[in-house]
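All values below come from the heavy atoms of this structure, side chains included, with hydrogens, waters and symmetry mates left out.
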Amino acid sequence: MKQFVILFAILMVVPAMAQQRISLGECYRLVNDNYPLAKQKDLLEAQNTLESEVVSTSQLPQVALDAYATYLSDVIEFPLAMSGIEPLNKDQYRATVSVNQLIYNGGATGASLDLKSVQLKAKQKEVEVNLYQLKKQINQIYFSVLLAQESEALLQAKERQLQAKLKEVQSGIKYGVLLPASDKVLEAELLKIGQQFQEIESNKTALVETLSSLIGKPLTTETVFESPLVKTDLQTDVNRPELELFELKKEEIEGSEHVLSKQNAPKLLGFATGGYGNPGLNMLDNSFQGFYTVGVKLNWKVFDWNANKKQREALAINKDIITNESEAFRLNTNIELNRQEREIEKIEAFIASDQEIIKLRKEVLQSADSQLKNGVITASAYITELTHLYEDENTLIRHKIQLELAKANYNVIKG
């Protein structure tokens, strides 16, 4: 039973102690889900549903209520031969209920609903484009955190090496092999390393807080940022959401053209009116009476001075403008891809050179280490060589991070 309790306690504690981890792909997903702009997709859909329902009401019966009371200064008078007919009242009253039902409008309602559907897709794609543009910002912050993370690890290795060397120097001073105060140089360097840790931690905190705000997930400086192995296909096949947006805008213009083509179509309506008034339809009857009328009505705008045609021509020009914008976007994107490809090649060459430099620095440091033990050089000279190695290793790390960033940006540019 005791062993079971201990095992249970371990199982409860281990998950709590597990370190939070995050990847670049997860950051992309979270920014799409949690960034405030992402909520617009649902809002746009709700708005479009309401607007489509409004358009659809044109196919439903339209009911109107009218009521009025009038006093006429003069009414029709009848000759003496017709004196048996009562004169008309100068005060008249009427209340009517009218119902109009659209029977045919050339498909204008359906065309308007199709246009609303395309407009929704275009607006939602605009939101997607704006969210996509955040990826470069995510890349810059994420890889900056990675650089801080790697620099911190490298600085820790340097600190451990100096601490081990400090013990050796102190031992050498104790036995008279090295000059007194040789250890003070190493102690001063360790203090500088402490300052560098503080600077790295401060920068990392600011970066992590910014990224946390963008993706909507709590992160701390203890969060482990996984190093992505970014793969790039160095070709110029662009698949950006902006290109899909251009196509949707063209579809939107085509939908508007279709709606315009239906505007001058004949419209057939059925109508019915029922009412109660004095007089009714029989003007010679001076009593309150009910009445009704039913019928059909045809409305056809035969001539509009070519206004409809000119509107469609203007839309065709707008479509050409969008085609031109799409071509310009493709050209600029390909130029940017080529520039990014050259950047990748340059950094790869730097990395190869860095590795050769570090190899030589290590040999020099190994020699300096032996010379320091034998009292041939001072601790300052040793620190100089150690610092050179540290700086070159830091440069290598920075170039490796820059290479992954360049590859990630290439993928974002390519889509």
Practice task
Evaluate the side chain to side chain contact (heavy atoms under 4.5 Å, CB included) criterion for residues Lys121 and Glu251: first the C-alpha distance (whole Å), next the side-chain angles of each, then the deciding distance (0.1 Å), finally the verdict.
Solution key: CA-CA 10 Å; Lys121 292 177 182 177; Glu251 288 183 29; 5.6 Å; no
NZ/NE/NH1/NH2 to OD/OE distance under 4.0 Å, [X] and [Y]:
X      : Y      : answer
Glu336 : Lys136 : yes
Glu26  : Lys217 : yes
Glu254 : Lys319 : yes
Arg312 : Glu257 : no
Lys249 : Glu252 : no
Lys359 : Glu356 : no
Arg330 : Glu327 : no

Any side-chain donor near an acceptor of the partner, [X] and [Y], under 3.5 Å:
X      : Y      : answer
Ser227 : Glu404 : no
Asp91  : Tyr93  : yes
Thr96  : Thr273 : no
Lys90  : Ser73  : no
Asn278 : Asn286 : no
Gln20  : Thr223 : yes

Practice task
Measure from NZ or CZ of Lys135 to the centre of the six-membered ring of Tyr28, then state whether that distance is under 6.0 Å and the direction lies within 45° of the axis.
Solution key: yes
Looking at [X] and [Y], would you say the former's side chain and the latter's main chain have a donor-acceptor pair under 3.5 Å?
X      : Y      : value
Asn34  : Ile215 : yes
Ser212 : Val208 : no
Ser202 : Gln198 : no
Ser117 : Leu113 : no
Asn409 : Gln340 : no
Ser58  : Val55  : yes
Gln119 : Asn48  : no
Thr333 : Phe329 : yes
Trp300 : Asn264 : yes

Completion exercise
Rounding to 0.5 Å, atoms CG (Leu214) and CD1 (Ile141) come to a distance of 5.0 Å
[X] atom [atom1]: more than 12 heavy-atom contacts under 6.0 Å:
X      : atom1 : value
Lys297 : NZ    : no
Gln163 : CD    : yes
Gln156 : CD    : yes

When the side chains of residues 381-393 are checked against the rest of the protein, which donor-acceptor pairs come out under 3.5 Å, sequence neighbours left out?
unit_1	atom_1	unit_2	atom_2	d
Thr384	OG1	Ser380	O	2.9
Thr387	OG1	Ile383	O	2.7
Asp392	OD2	Arg361	NE	2.8

Practice task
Determine, step by step, whether Glu313 and Lys310 satisfy the salt bridge (charged side-chain N to carboxylate O under 4.0 Å, His left out) criterion, reporting the C-alpha distance in whole Å, the side-chain angles of both residues, the deciding distance to 0.1 Å, and the verdict.
Solution key: CA-CA 5 Å; Glu313 288 175 351; Lys310 290 175 181 176; over 6 Å; no
Exercise for the section: Find out whether Ile103 and Leu269 are in side-chain contact, i.e. whether some heavy atom of one side chain is under 4.5 Å from a heavy atom of the other. Expected result: no
Exercise for the section: Begin from the C-alpha positions of Lys123 and Glu126 and carry the test salt bridge (charged side-chain N to carboxylate O under 4.0 Å, His left out) through to its verdict. Expected result: CA-CA 5 Å; Lys123 289 178 181 178; Glu126 283 181 3; over 6 Å; no
